[in-house]
Amino acid sequence: MNKALYFAIIEHMNDDNKADDPKKETTSKFTDKFLKPYDSKETEDRIYKLWEESGFFNPDTLIKENIIDAEAEPFSIVLPPPNVTGTLHTGHAAMLAIEDIMVRFNRMRGKKALWIPGTDHAAIATQSLVEKQLAKKKIRRQDIGREEFLKHVDAFASESHDTIVNQIRKMGASIDWSREAFTLDNTREKAVRTAFKRMYDDGLIYRGYRIVNWDPKGQTTISDDEVQHEDRKAHMYTFKYSKDFPISIATTRPETKVGDTAVAVHPDDDRYKKYIGNTYELEFAGVPLSIQIVGDDKVDPEFGTGAVGVTPAHSMTDWEIAQRHDLPMKQVINEYAKMMVDAPELKDKKTTEAREIIVKWLTDEELLEHTEEVDQSISVAERTNGIIEPIPKLQWFIDVHKEFTLANSHIDGIKSGQKTSLKELMLTVVKNDQIKIIPERFEKTYFHWIENLRDWNISRQIWYGHRVPVWYDKDDAIHLQEEHNIIFIRHGQSETNASGIIAGNTDTPLTDKGRAQAQDEVKSLKERNITKIISSDLSRSKETAEIIGRELGIKVESWCELHEVDAGDIQGTFKDPENHFLQRAQDAHTGETLEQIEYRARLIIEKLKSLNETGNVLVVGHDAFIAMIFGVWNNVPKERLMDHINSWKSLDNAKGLDVQILTDPQGEDLTQDPDTLDTWFSSGLWTFSTLGWPSQTDDLKTYHPTNVLETGHDLLFFWIARMILMTTYLLGDIPFRTVYFHGLILDKDGKKMSKSRPETAIDPLIAIEKFGADALRMAMIVGVGPGSSNTLSDEKIKAYKKFANKLWNATRYVLESIGDFDTERTVTLTKKHASYIDELHALVNEITNEMEEYKYYLVAEKLYHYFWHTFADVIIEESKDLLTHGTEEEKLSAHYTLWTILTTLLKLLHPFMPYVTEEIWGALPHNKTHLLMVEKWPIQK
RNA sequence: GGGCGAUUAGCUCAGUUGGCUAGAGCAACCCGUUUACACCGGGUAGGUCAGGGGUUCGAGUCCCUUAUCGCCCACCA
């Protein structure tokens with residue numbers, strides 16, 4: 001039947017029913033909506049707006065609205081930040097679907113569920129995109145200079161940022177946008193510079209002249225992980241340098257041989273050991289060479305001729321041999337992959353041309369013994385596909401072997417103050433199970449990688465990124481930023497504190513206990529290199545400061561603008577444990593306004609920043625005003641400042657916290673290092689830099705370590721390992737408890753989706769348009785176990801679009817059937833219905849356990865199956881007969897059963913299909929005050 | 001060269017520590033349409049669990065082996 005006609009008939013019939021069936025009329029207000037098939041396009045954006053406006057993505061709101069307890073267990077995830085320049089692909093879609101399931105499930109279980117969004121500046125990738133754009137206008141970055149170029153990049157990045165962020169919304173991600181971060185913003189810059197400084201001071205970051213992976217195409221060095229291998233055919237040439245040279249050598253790269261300084265043989269090789277120690281002066285392809293024969297047991301006598309021509313400047317292995325034998329290094333290839341030797345035939349020739357020239361020369365001179373075709377894997381740069389040239393350069397590295405003292409350890413098996421190395425830390429936290437990797441087999445891969453880990457080259461010769469925070473003076477000596485701490489403490493107990501009265505801006509002296517508390521603080525402050533003490537002018541603060549100042553031998557400076565918040569009429573009244581006094585003061589409209597306090601805090605911050613102290617500064621002040629300073633300093637947005645102060649865990653008397661101030665080194669003729677840091681350096685800090693580190697924010701204390709890090713297994717080394725390195729070192733802690741690798745999404749032919757085959761790739765945005773985000777989410781979950789790959793096709797997504805519609809229509813049936821059934825009343829269930837309810841409870845138990853074990857692929861399938869083939873096909877079908885022919889008792893039993901199963905399933909399905917379940921929930925004729933997203937997860941029985 | 005994984009219905013995959021006659025979705029075929037839903041219902045067919053060997057009362061599941069495919073790592077000149 002023609003579809004339009006069909007619906008026309010249905011609607012017409014419904015009108016008839018309304019006319020002659022009064023009961024239908026009472027229920028129709030609820031069911032009208034369900035007469036048309038579920039329309040995801042009409043629903044999704046509207047529902048997302050509803051969620052966003054509710055503020056429930058932010059756990060602070062959940063507490064404020066009494067939906068969860070302030071002491072509830074935290075659950076936190078950071079979003080693996082997509083590249084600013086990216087657009088949503090199926091990998092992102094799978095990641096967002098799974099993480100949203102995790103967050104929604106835990107939110108419904110009453111936890112403080114926080115999911116932090118952000119984007120990555122993706123240094124090399126972004127810069128090369130912008131360079132390509134400019135190239136179309138015939139502009140090179142060198143023409144316009146660093147500053148101008150970066151303006152172009154920033155403009156481009158902020159524009160594409162909005163695209164990816166809106167695409168994340170489309171997937172239904174219940175992510176807290178108020179905490180959004182960017183790897184290159186101010187807070188993250190501070191984190192990067194602090195991290196760099198600490199590692200430098202500990203000797204873990206060093207500058208060294210070493211062989212690095214040079215990408216001639218991208219004109220930058222890259223780390224070992226950014227090098228990929230491609231198999232190609234190559235020619236292996238066996239030859240002698242000259243007629244009188246005694247040993248033949250083999251190579252696939254004859255052009256590098258003009259840089260040889262030695263030939264290495266095995267020390268026990270009878271053929272060659274008589275030559276060890278000799279040096280031969282000869283001329284090779286017009287280039288004079290001085291070749292020393294060395295014995296090295298790394299040489300395999302069985303391979304090739306059993307002798308290696310050593311090129312220290314252009315091979316990592318050879319460089320290592322050269323180190324062992326103190327051989328000279330001779331660079332013959334430059335940054336443009338061209339020859340830099342004096343011989344006129346070779347000078348400035350590309351390496352490939354030079355190879356041909358040298359092979360011809362070898363042939364002409366009859367030095368070439370034979371040529372063989374071999375399989376060879378060549379190194380290419382991950383981003384640019386340029387062929388890597390190993391060349392020696394002065395670069396910055398992180399030393400993964402060096403021992404240092406870990407001051408404050410939360411790591412099982414490593415005590416505070418114990419000596420350790422980055423490598424050891426990285427191994428320990430996975431070996432001791434503090435971090436679990438799912439699926440487990442990747443732990444093996446991880447260990448293997450760590451065991452072979454070499455120092456990490458972190459400097460890049462590109463402009464976009466965090467600039468290396470190092471300055472050189474005219475003697476090339478190294479200078480780093482100064483780091484000062486401002487230590488805020490609160491005064492000791494005052495008389496009004498003791499009697500529970502709000503003092504605000506009125507004066508009140510310290511009690512004996514307060515004086516003792518101040519005295520107590522001195523001990524820890526003595527170790528802090530304090531050179532200045534500043535206090536509020538109110539006596540309780542001044543007295544505290546002076547007690548400390550006397551012990552430290554420092555005169556106290558009094559700043560009147562540090563005084564406590566003027567609370568107006570509230571002053572002198574009793575404290576209200578439910579309400580922070582600042583809130584009460586604001587409500588009373590008699591003291592300082594929020595704007596005034598915020599302004600005062602900004603002035604104080606500026607004044608503190610401009611102090612030219614060599615040591616740390618101690619500031620003694622008051623609870624509410626310190627809270628405000630701390631909030632402003634940590635960029636809490638204006639609209640969240642009051643929440644920040646309300647949730648401020650009031651400082652114990654005379655206890656404090658730190659804020660770091662970084663200042664560029666001062667001095668004449670200082671120039672900053674022109675290089676930028678590897679983008680993974682800042683990504684490595686992500687779990688805690690997003691929470692405000694290096695400031696000791698509430699977020700950091702509550703939400704770190706994060707619970708889960710969910711991503712593709714291709715990021716195991718790039719990102720996971722780097723996060724573990726940075727976090728164990730800087731915080732002495734783990735970044736996350738569980739690593740969950742989702743499967744890669746393949747196209748319907750089982751191939752990796754790629755830009756080169758756009759016809760088979762599924763665009764998540766088009767899929768959402770056609771089938772709805774819920775359907776896409778289900779299709780990406782069902783059957784996708786962790787770490788395995790999965791194929792996605794339009795047919796699969798379509799199947800779940802039908803499922804959404806099935807939910808929709810089953811709801812319509814239930815609502816029509818139960819009429820005005822009172823959902824709160826108790827009913828006696830028939831034997832059969834009781835068993836259905838028991839089955840439902842069993843399902844809840846099973847599913848809850850599997851959710852905790854991250855088996856979403858199973859849960860999604862079970863829910864689908866139960867809803868369709870048990871609830872709809874059996875329970876609903878049976879109820880039809882009962883509701884027409886059954887007794888009143890049986891009808892009530894059926895009403896209860898239908899209602900209970902439907903509402904329970906909506907909750908269970910919500911993490912998977914949030915839009916359609918929320919939309920249905922909102923249309924149910926019950927008095928629910930909350931959105932489904934914050935309903936309680938069904939209780940396990 | 002080393003390591004990891006996969007191989008179950010035409011396709012995509014489940015199958016928990018070994019335990020009923022090996023399951024699901026999609027596709028196929030047949031039947032069914034006023035009565036929540038045709039974005040539907042009922043039914044049918046389809047498998048030597050890659051091959052071989054072993055352990056066991058019992059193996060898709062554990063062990064060995066072979067084959068094919070996929071992925072990761074690697075400085076054989």
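Below, read A as the first sequence line, B as the second, and so on, with proteins coming before strands; counting in each chain starts at 1. Quick caveat, the model's predicted, so the values are computed rather than measured.
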Salt bridge (charged side-chain N to carboxylate O under 4.0 Å, His left out) test vs A/Glu320 passes for just one of A/Lys298, A/Arg454, A/Arg210, namely A/Arg454
Between [X] and [Y], what is the ring plane arrangement, given parallel below 30°, perpendicular above 60°, and tilted in between?
X	Y	value
A/Tyr856	A/Tyr854	perpendicular
A/Tyr237	A/His235	tilted
A/Phe717	A/Trp449	parallel

To the nearest 0.5 Å, what is the distance between [atom1] on [X] and [atom2] on [Y]?
X	Y	atom1	atom2	result
A/Thr252	A/Arg355	OG1	CZ	6.5 Å
A/Asp225	A/Arg722	CG	CZ	4.5 Å
A/Thr903	A/Leu908	OG1	CG	9.5 Å
A/Trp214	A/Glu389	CH2	CD	11.5 Å

Nucleotide nearest [X] (side chain, heavy atoms from C-beta), chosen from [options]:
X	options	value
A/His229	B/rC26, B/rC39, B/rC75	B/rC75
A/Lys801	B/rC39, B/rA74, B/rC4	B/rC39
A/Ala810	B/rC72, B/rA36, B/rA77	B/rA36
A/Ile876	B/rG42, B/rA36, B/rC26	B/rA36
A/Arg812	B/rC37, B/rA77, B/rG15	B/rC37
A/Glu861	B/rG5, B/rA24, B/rA77	B/rA24
A/Lys806	B/rC72, B/rC39, B/rA36	B/rA36
A/Lys880	B/rA77, B/rG41, B/rC37	B/rC37
A/His713	B/rC71, B/rG25, B/rC40	B/rC71
A/Asp873	B/rG42, B/rC26, B/rG5	B/rG42

When you measure from the side-chain N and O atoms of [X] to the phosphate of [N], is any distance below 4.0 Å, counting only OP1 and OP2?
X	N	result
A/Arg454	B/rC75	yes
A/Trp868	B/rG41	yes
A/His865	B/rG23	no

What nucleic acid atoms does [X] come within less than 4.0 Å of, heavy atoms only: base, sugar-phosphate, or nothing?
X	answer
A/Glu877	base
A/Phe803	nothing
A/Lys444	sugar-phosphate
A/Leu858	sugar-phosphate
A/Ala250	sugar-phosphate
A/Ala804	nothing
A/His314	nothing

Distance check needed: [N] [atom2] versus [X] [atom1], whole Å only.
X	N	atom1	atom2	answer
A/Trp449	B/rC73	CH2	C1'	12 Å
A/Asp39	B/rC37	CG	P	18 Å
A/Glu320	B/rA77	CD	P	15 Å
A/Lys862	B/rG23	NZ	C1'	13 Å
A/His895	B/rA36	NE2	P	14 Å
A/Glu795	B/rA24	CD	C1'	18 Å
A/Lys802	B/rC40	NZ	C1'	9 Å
A/Met778	B/rC13	CE	C1'	14 Å

Determine the interatomic distance between [atom1] on [N] and the same-named atom on [M]; round to the nearest Å.
N	M	atom1	answer
B/rG51	B/rA59	P	15 Å
B/rG32	B/rG46	C1'	23 Å
B/rA36	B/rG25	C1'	23 Å
B/rA9	B/rC4	C1'	28 Å
B/rU16	B/rU35	P	42 Å
B/rA6	B/rC62	P	9 Å
B/rU17	B/rU21	C1'	23 Å
B/rG5	B/rU65	P	14 Å

Between A/Asp225 and A/Gly309, whichever has its closest RNA chain B nucleotide further toward 5' is A/Asp225
- Message: Go nucleotide by nucleotide along RNA chain B from the 5' end; which of A/Ala307 and A/Asn452 gets its closest nucleotide reached first?
- Response: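 So the residue in question is A/Asn452.
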Parsed dot-bracket for RNA chain B after applying the Watson-Crick and G-U rules with both distances under 3.5 Å and | for other-strand partners is (((((((..((((.....[...)))).(((((.......))))).....(((((..]....))))))))))))....
*asked:* Do A/Lys257 and A/Tyr241 form a cation-pi contact, if we require the NZ or CZ to be under 6.0 Å from the six-membered ring centre and within 45 degrees of the ring's axis?
replied: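 Ring-cation test returns no.
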For A/Glu877, the side-chain hydrogen bond (donor to acceptor under 3.5 Å, both in side chains) test, sequence neighbours excluded, returns A/Lys880
The residue among A/Tyr864, A/Phe912, A/Phe771, A/Phe867 that forms ring pair (Phe, Tyr, Trp, His ring centres under 6.0 Å) with A/Tyr800 is A/Tyr864
Protein-nucleotides 17-22 of chain B N/O pairs closer than 3.5 Å?
none

Practice task
Check the surroundings of atom OH in A/Tyr896: do more than 12 heavy atoms from other residues, nucleotides or ligands lie under 6.0 Å from it?
Solution key: no
Verdict with supporting geometry, A/Glu226 and A/Ser223, side-chain hydrogen bond (donor to acceptor under 3.5 Å, both in side chains): CA-CA 5 Å; A/Glu226 290 163 297; A/Ser223 65; 2.9 Å; yes
